[in-house]
Amino acid sequence: MTDDVREESGPTPVAEVPSPLPIPLELEAYYLSNQDAFHEFALAILKTNDLAEEAVHRAFVEIKLQWDSLLTEPDLPEQAWNIMRRTVLDEVLGTFRESLPFMDSNIGLYPAMCKLSPRQFDVVVLKAIGKYDTKHIAWYMGLTPSTVTHHWRKAQERLAPIHRRATRPIHRRDAT
């Protein structure tokens with residue numbers, strides 16, 4: 001007989017994992033028929049498969065959470081596409097915002113942009129960098145055009161000191 005005698009304790013108990021909530025059949029069908037288009041859109045914007053898959057997943061989680069109310073909408077595909085577009089836009093803007101502290105503008109613009117509210121930041125990036133008009137920004141962000149204009153104005157007010165510093169003439173004295 002050996003010294004390392006083991007007791008038989010039976011099967012190892014397995015922790016119960018709650019099963020995910022069932023997916024409504026209509027949502028599953030919607031997902032299956034639209035996932036390729038959503039993925040292609042996300043991939044075109046985000047440039048990597050991992051980011052695209054994550055964005056599509058997040059979009060469909062949000063769609064699932066809103067599914068019952070989306071079913072009452074006459075334009076369910078448009079509403080679902082808006083969720084997808086917002087999810088991708090959030091990823092792009094978030095990634096850009098995270099990279100700003102490492103960028104050098106020589107005038108302090110990027111650190112100042114990081115201090116803008118999320119909506120102000122998004123409006124500045126979409127309007128000044130993306131060259132989108134107010135109507136399209138409102139559509140992308142799910143805001144009214146007047147709210148977009150408000151955020152644009154507030155962002156300009158906060159960035160004005162940096163802009164003035166960057167555009168003031170430099171007076172040099174001639175050393176003769």
Side-chain angles (χ1 to χ4, degrees), residues 15-103 109-159:
E16 286 189 34
V17 177
S19 63
L21 296 174
I23 298 174
L25 189 57
E26 298 91 355
L27 175 58
E28 187 173 356
Y30 186 80
Y31 172 78
L32 291 173
S33 62
N34 290 284
Q35 71 173 355
D36 288 340
F38 279 35
H39 187 269
E40 289 300 319
F41 173 76
L43 186 59
I45 304 296
L46 300 173
K47 305 296 186 213
T48 72
N49 196 53
D50 289 344
L51 289 175
E53 285 180 6
E54 179 62 29
V56 171
H57 174 75
R58 282 196 329 268
F60 272 102
V61 166
E62 187 175 337
I63 290 168
K64 181 181 177 188
L65 292 172
Q66 297 181 32
W67 187 247
D68 290 335
S69 65
L70 287 171
L71 286 174
T72 64
E73 296 288 332
D75 57 350
L76 182 143
E78 182 180 343
Q79 296 300 322
W81 191 257
N82 286 339
I83 291 169
M84 181 64 215
R85 193 174 42 259
R86 264 194 324 272
T87 303
V88 170
L89 183 64
D90 287 348
E91 180 66 35
V92 169
L93 291 172
T95 302
F96 180 67
R97 188 176 195 136
E98 289 169 7
S99 69
L100 278 179
F102 305 105
M103 299 169 82
L109 175 63
Y110 300 132
M113 285 179 65
C114 289
K115 293 178 183 174
L116 295 174
S117 74
R119 282 188 175 176
Q120 290 171 358
F121 178 84
D122 293 356
V123 168
V124 167
V125 170
L126 291 170
K127 194 171 203 62
I129 298 171
K131 304 295 183 201
Y132 289 98
D133 62 28
T134 299
K135 179 182 169 186
H136 284 97
I137 295 169
W139 184 63
Y140 284 135
M141 294 180 65
L143 303 171
T144 64
S146 63
T147 301
V148 169
T149 300
H150 169 79
H151 289 298
W152 173 247
R153 190 177 72 252
K154 289 297 183 184
Q156 285 180 307
E157 289 171 7
R158 291 184 72 185
L159 296 174

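Only a predicted model underlies this, so the values are computations on that prediction, with no experimental measurement involved.
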Check: Quick one: does Glu91's side chain get under 4.5 Å of Glu54's, heavy atoms only?
Finding: no

Checklist line | Interatomic distance, Lys115 atom NZ to Gln120 atom CD [nearest 0.5 angstrom] | finding: 13.5 Å

Item checked: Heavy-atom side-chain contact between Tyr31 and Ile23 under 4.5 Å -> no

Notebook entry, point to check: What class does the angle between the rings of Trp67 and Tyr30 fall in, given that below 30° is parallel, 30 to 60° is tilted and above 60° is perpendicular?
Noted result: tilted

Next item on the list: Work out which heavy atom in Leu46 is nearest to a heavy atom in Ala55; give both atom names and the distance.
Entry: CD1-CB, 3.7 Å

Checklist line | Approximate separation, where rounding is to 0.5 Å, of Arg86 CZ and Trp81 CH2 | finding: 13.0 Å

Note to self: With a 4.5 Å cut-off on side-chain heavy atoms, are Val123 and Leu116 touching?
What the structure shows: no

Margin query: Quick one, Gln79 and Asn82 - any side-chain contact, counting heavy atoms below 4.5 Å?
Written below: yes

Item checked: Contact summary for Leu43 and Asn49, nearest pair of heavy atoms -> CD1-N, 3.6 Å

Check: With a 3.5 Å cut-off and no angle check, do the side chains of His136 and Asp133 form a donor-acceptor pair?
Finding: yes

Check: So do the side chains of Trp152 and Thr149 get within less than 4.5 Å of each other, counting heavy atoms only?
Finding: no

Check: What are the two closest non-hydrogen atoms of Met113 and Phe96, and how far apart are they?
Finding: CE-CE2, 4.3 Å

Notebook entry, point to check: Does the pair Phe38 and Thr87 meet the rule for a side-chain contact (heavy atoms from CB on, under 4.5 Å), with working shown?
Noted result: CA-CA 11 Å; Phe38 279 35; Thr87 303; over 6 Å; no

Check: Say you draw a straight line from CZ of Phe60 to CG of Asn34; how long is it, rounded to the nearest 0.5 Å?
Finding: 5.5 Å

Item checked: Sub-4.5 Å side-chain heavy-atom contact between Leu89 and Leu126 -> yes

Item checked: Nearest heavy-atom neighbours spanning Ser117 and Arg158 -> N-NH1, 3.8 Å

Next item on the list: Decide yes or no for Ile83 and Leu70: does some side-chain heavy atom of the first lie under 4.5 Å from some side-chain heavy atom of the second?
Entry: yes

Next item on the list: To the nearest 0.5 Å, tell me how far Ile129 CD1 sits from Lys127 NZ.
Entry: 13.0 Å

Next item on the list: Locate the shortest heavy-atom distance separating Ala42 from Met84; write the atom from each residue and the value.
Entry: CB-CE, 3.6 Å

Item checked: Spatial distance of atom NE2 (His57) from atom NE2 (His39) [nearest 0.5 Å] -> 13.5 Å

Checklist line | Student check: side-chain heavy atoms of Leu143 and Arg119 closer than 4.5 Å | finding: yes

Checklist line | Exercise: identify the closest heavy-atom pair between Leu100 and Cys114 | finding: CB-SG, 3.5 Å

